[in-house]
Amino acid sequence: MAGNNIYLNQSTEHGNYPSHTTNEAQANHPVENPAQGHGQLAPGDVFPTLLSNLGNHRQISFFNADISELPVIIYDSKVGFHAYSSSSSMVNQKLFTMHQDAHGHFHPPIRRAVDNQPVSLDLSVTSLIVFEWIAIIVVVFLFGWVGRKYKKNPTKAPSGFQNALESLVVYLRDEVVYPNVGSVKSAKTLLPYFIGLFCFILLCNIFGLIPGGHTATGAIAVTGALAITAYFVINITAIKEAGIGHWLKHLLGGAPIWLCWIMIPIEIISMFVKPFALTIRLFANMTAGHVVLLSLIGLIFFFRLSNGLGVGLAITPISVGFSIFMYILELLVAFLQAYIFTILTAVFVGLAIGEHAHEEEHAH
Amino acid sequence: MDKIMDIEPGLMIWTIFSFLIFLAILIKFGTKPLLNGLTARENRIKEAIENADKANEKAQKILKETDDKLSTAQIEMAEIVRKGKVQAEELIKKAGDEADKVKKQKVEEAIREIERNKEIAIKQLRTEVASLVVAATEKILDETLDKEKHYKMVESYIEKLPSN
Amino acid sequence: MDLGTLGAGLGAGITVLGAGLGIGRLAAAALEALARQPEIAGDARTTMIIAAALIEGVALFSCVICMLLVVMK
């Protein structure tokens, strides 16, 4: 299959852009107008092209319409700190280069113009960050609005949207945080963190489901960042609650001291596996749903390109029906995964400080 | 597709940074007033329930007191009524007894009067009859008998008569 | 299609087999527990979701490995 070959070439030669410019130009974004015919797009290109929408982008676009390019911020050990208002202005300044495809879209990595090496740290604002910010603004706006209502008349009965948000907060407090964290003091301190975590993940997941949106939680970097904060929250709470000595003792996992050579590595691994599992779970759940959804939609174009217009039209109702089902399932998953990330973090916090409470119980 | 598995450090740093700032803003403007409001409302409701409980207890106490008072009053009232009834009955009985006594006395007096009158009448009648008989016998026999003998004879006859 | 892609696809399929079996057994056990003691519904649901998430997490690890096999070839 010719299409597959193009795709495989692209992936193997990725990172060496001058040699495969033509391939990438063909592989990325040619699906914008499937009616253009067989000359431009092979059937096998459909799926890679559709799935390329899932990643991080250097511009904001609504479907195929580019709205604006995003600022570029670069730190490099050799050239120093640089910021540009957009990718094109960065390329125009000639200090750095970035690959640009046939549609004018830029693709990382950014390289130094001097020696054509990737820069040390690319801190550019990308589409996923923009969607994170939108989610943050929505959550802060909603909570700020409701919070002001509480400030104005704290004892009045809630009304309207206040009710919905309040029931969410009360649910998180009474069903998720307090029973799983265990210690009331830590639970009280951490409750705002869990509320923020849940709302942030939920909003990111839901923005990915809005047509034209991007799923910030569908990138390992984002879920990894959340898991790193969770890791620090878990361990700092444990140290605060039990003291550093108990925390170190906890590394033994309650086994006798002569087993330390096996217990300490296991406990340290489990300490890191927990956030890693959180990362992969959220990322894979959000990505898998989108991959299936896009593949189902892609079937229409695949059959239209390989078997003609009639087959494409015939497959449409089946494809759309399944994708509606997938969409509803993804909506469920969006809520479920936000809930699971939150409750698992709470459980891990509870596990980390639970040992301490247990020991204290014995001491009494 | 291969981009999906990329881990971009820039994205990660931005996410941590944004998330921390987000948490700070959220706590300041969102959750703090919200949770404070929730606690304030919960406390208020708790207080209200406690107050209601207290008020209820008080009301129950007052109700019990009133009930007690009412029942004592009822008992007292019943007592008074009973006493009154007893007194009235006594009075009636007394009056009846008195009336009976007076009636009896009157009747007895009347009977005694009648008896006395009857005795007087009978005595008179006796004397009358005896003299009449004596006169008649004198005439019939035409002989003068010993007056004393005569009387005795008549008297014995009269004795034989029934008393009434 | 090369063997690597085939292997990744097969791996994903086998993973789904295991994860489906695991979560199915978990749900069955939770249902039985619920039928026996309906009053622990809340607790059982939370525990079930956590356990299901852990099983699913392991399954997703392997799915991600399969994906890496395809992508990083």
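Residue numbering restarts at 1 for every chain, and letters A, B, ... go by the order of the sequence lines.
- Ion pairing between B:Glu57 and B:Lys54 fails under the 4.0 Å rule for side-chain N and carboxylate O.
- Scanning residues 102-113 of chain B against chain A with a 4.5 Å non-hydrogen threshold yields no residues.
- Here B:Glu155 does not pair with B:Lys160 in a salt bridge; the nearest charged N to carboxylate O distance is not below 4.0 Å.
- How far CG of B:Leu20 is from CD1 of B:Ile25: 11.0 Å, rounded to the nearest 0.5 Å.
- For the pair A:Asp76 and A:Arg111, the salt-bridge criterion is not met [side-chain N within less than 4.0 Å of a carboxylate O].
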Please assess B:Lys152 against B:Glu159 for the test salt bridge (charged side-chain N to carboxylate O under 4.0 Å, His left out), listing each intermediate value before the final yes or no.
CA-CA 10 Å; B:Lys152 267 181 191 160; B:Glu159 280 293 308; over 6 Å; no
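- Counted within 6.0 Å of OH on A:Tyr178, heavy atoms from surrounding residues, nucleotides or ligands total more than 12; the atom is thus considered enclosed.
- Contact residues of residues 10-19 of chain B toward chain A are B:Gly10, B:Leu11, B:Met12, B:Ile13, B:Trp14, B:Thr15, B:Ile16, B:Ser18, B:Phe19 (heavy-atom distance under 4.5 Å).
- When atom types are taken as modelled, the side chain of B:Asn56 and the backbone of B:Ala52 share no donor-acceptor pair closer than 3.5 angstrom.
- The neighbour count for B:Glu42 CD, taken as heavy atoms of other residues, nucleotides or ligands under 6.0 Å away, is above 12.
- Taking each heavy atom of A:Phe341 and A:Ala227 in turn, the nearest pair found is CZ-N, 4.1 Å.
- Contacts between residues 58-65 of chain B and chain A, defined by a heavy-atom separation under 4.5 Å, are made by no residue at all.
- Using a 4.5 Å heavy-atom cutoff, the side chains of A:Thr345 and A:Phe194 are in contact.
- Contact tally against chain B (heavy-atom pairs below 4.5 Å) for A:Asn56, A:Thr287, A:Val139: the top residue is A:Asn56.
- At a heavy-atom separation below 4.5 angstrom, chain B is approached by A:Thr126, A:Leu128, A:Ile129, A:Glu132, A:Trp133, A:Ile136 within residues 126-137 of chain A.
- For an aromatic pair to be called close, the ring centres must be under 6.0 Å apart, and A:His214 with A:His57 satisfies this.
- Interface remark: B:Leu35 contributes side-chain atoms only to the contact with chain A (heavy atom separation under 4.5 Å).
- Minimum heavy-atom separation, A:Thr223 to A:Thr217: CG2-O, 3.2 Å.
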In sequence, state the C-alpha distance, the side-chain angles, and the governing distance for B:Arg82 and B:Glu79, and then conclude on salt bridge (charged side-chain N to carboxylate O under 4.0 Å, His left out).
CA-CA 5 Å; B:Arg82 203 179 54 81; B:Glu79 183 72 10; 3.2 Å; yes
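- In this structure, A:Phe47 has its ring center closer than 6.0 angstrom to the ring center of A:Phe302.
- A centroid separation of less than 6.0 Å is found between the aromatic rings of A:His82 and A:Phe96.
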